[in-house]
Protein chains: 2
Amino acid sequence: MATTPEDEQPARQPWGSEQRELDAGELTRVLGEFTRASIRLPGTERHSFTTLSVLHTLTHRGPLRLSALTENEQITQPAVTQLVGRLEREGLVERRSDPGDGRAVLVAVTPAGARITRARHRDRVRRLARLTAEGLSAEERRAIDAALPALAHLATLMTAEREERRRRGDR
Amino acid sequence: MATTPEDEQPARQPWGSEQRELDAGELTRVLGEFTRASIRLPGTERHSFTTLSVLHTLTHRGPLRLSALTENEQITQPAVTQLVGRLEREGLVERRSDPGDGRAVLVAVTPAGARITRARHRDRVRRLARLTAEGLSAEERRAIDAALPALAHLATLMTAEREERRRRGDR
DNA sequence: CCGGGTATATCGGCGACTTATATAGGTTGC
DNA sequence: GCAACCTATATAAGTCGCCGATATACCCGG
């Protein structure tokens, strides 16, 4: 580790003048700040990050087996069983039996659970809309808007790579 | 994951043709995906998100009091005391007494602690650099690069607002 | 030097993970 | 058509990291 020259980031990648397309160091830093700013609201909110993530997944992908949930959220299967039990007690999800497989359990979000996901999303949209409208210039807003498809693509790549890694057993 | 069934919000804001500058809903969705993809590596890594965040803060802002740390990380003061105790036992930070205030404790990151922060950052940069280089088009990379200053600004605004809120006691 | 505020520590408890293992249902080969 | 194996979920026991309440030590103004 002491063998690392210039242990912080290499300032700028020497893409070559105008060829330089993207500063990965700066992108990393910015995404990290977003994460640090977004997370750590579980104190404020009533549910943990994992809980909200499960509700989100179920809301967007329909009823899933416990094993499918285990793969998406990065926790172990017993943890999912417990989490679903808690959510069920709160009336946010319900267990159904899989008609084609007696071993499996399908977890479906209830209206109350979907409501939480939507309310949370709505709050975040509102907050971001206000911040961008009040704090950013029109030019900045346009620059972000123009980058949104590319950012969405990048997020997809990150998720895909994570799944790939899990599949290979790098847990 | 790429195919998000759009849970049910007002699709697009009716900014009015070319006046529309930024789709806050889509921005929210993308940032959320980044968070979901970035977090949940504590299984992979040896330290929790909070731990890494504290090391990050100490690395970038120099020795801080416990109370200053408590304000930055979104956890309570006893939790910070414990966390610092753990980090101290691992040799990642050290406690110093504040020369001007006998009650206060200054927490400073050690070389070993800084090394962890740097190594983690380096890994993330490497991963993002590879993903963007291999998975994105040159046009996409340029679009993200052009938006980076605006995104950094937005991240600053989010952090500032969070501190503001905490100061008002909205915990 | 005393009373009230501030900075950190300690205590008891709990929630949300973990690993290891149990149970029940499904699948396959012979 | 059943023994052996595999898969899906559940349970058990332990750990870790957080919280609220409270204790302790120090600072400061009158």
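First the proteins, then the strands, lettered A, B, ... as listed; each starts at 1. Every heavy atom of this structure was used, including side-chain atoms; hydrogens, water molecules and symmetry mates were not.
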Using whole Å, report how far [atom1] of [X] lies from [atom2] of [N].
X	N	atom1	atom2	result
Leu64(A)	dA8(D)	CG	C1'	14 Å
Arg65(A)	dG26(C)	CZ	C1'	11 Å
Leu69(A)	dT9(D)	CG	P	9 Å
Glu71(A)	dT9(D)	CD	P	10 Å
Phe49(A)	dC17(C)	CZ	P	11 Å
Ile75(B)	dG17(D)	CD1	P	11 Å
Glu73(A)	dA16(C)	CD	P	15 Å
Leu87(B)	dC16(D)	CG	C1'	14 Å

Quick one: CG on Leu151(A) to OG1 on Thr156(A), what's the gap to the nearest 0.5 Å?
10.5 Å
Phosphate OP1/OP2 of [N] contacted by [X] side-chain N/O (<4.0 Å):
X	N	result
Arg46(B)	dC16(D)	no
Thr81(A)	dA10(D)	yes
Arg86(A)	dA16(C)	yes
Arg89(A)	dG15(C)	no

When you measure from the side chain of Thr70(B) to the backbone of Thr76(B), do you find a donor-acceptor pair of N or O atoms at a distance under 3.5 Å?
no
Would a distance-only check, ignoring hydrogens and angles, find a side-chain to backbone donor-acceptor pair under 3.5 Å from Arg65(B) to Val107(B)?
no
Does a side-chain heavy-atom distance below 4.5 Å link Leu131(A) with Glu161(B)?
yes
With a 4.5 Å cut-off on side-chain heavy atoms, are Arg115(B) and Pro111(B) touching?
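Side-chain contact under 4.5 Å: yes.
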Val54(A) pairs by side-chain contact (heavy atoms from CB on, under 4.5 Å) with which of Leu52(A), Thr51(A), Leu58(A), Thr57(A)?
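Among Leu52(A), Thr51(A), Leu58(A), Thr57(A), the one that satisfies the side-chain contact (heavy atoms from CB on, under 4.5 Å) with Val54(A) is Leu58(A).
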The side chain of Thr50(A) lies closest to which of these nucleotides: dA9(C), dC17(C), dA7(C)?
dC17(C)
Strictly below 4.0 Å, N to O, side chains only: are Glu140(B) and Arg142(B) in salt-bridge contact?
no
Whether each nucleotide of nucleotides 20-30 of chain D has a protein heavy atom under 4.0 Å at its base (B), only at its sugar-phosphate (S) or at neither (-) is summarised, 5' to 3', as BB----BS---
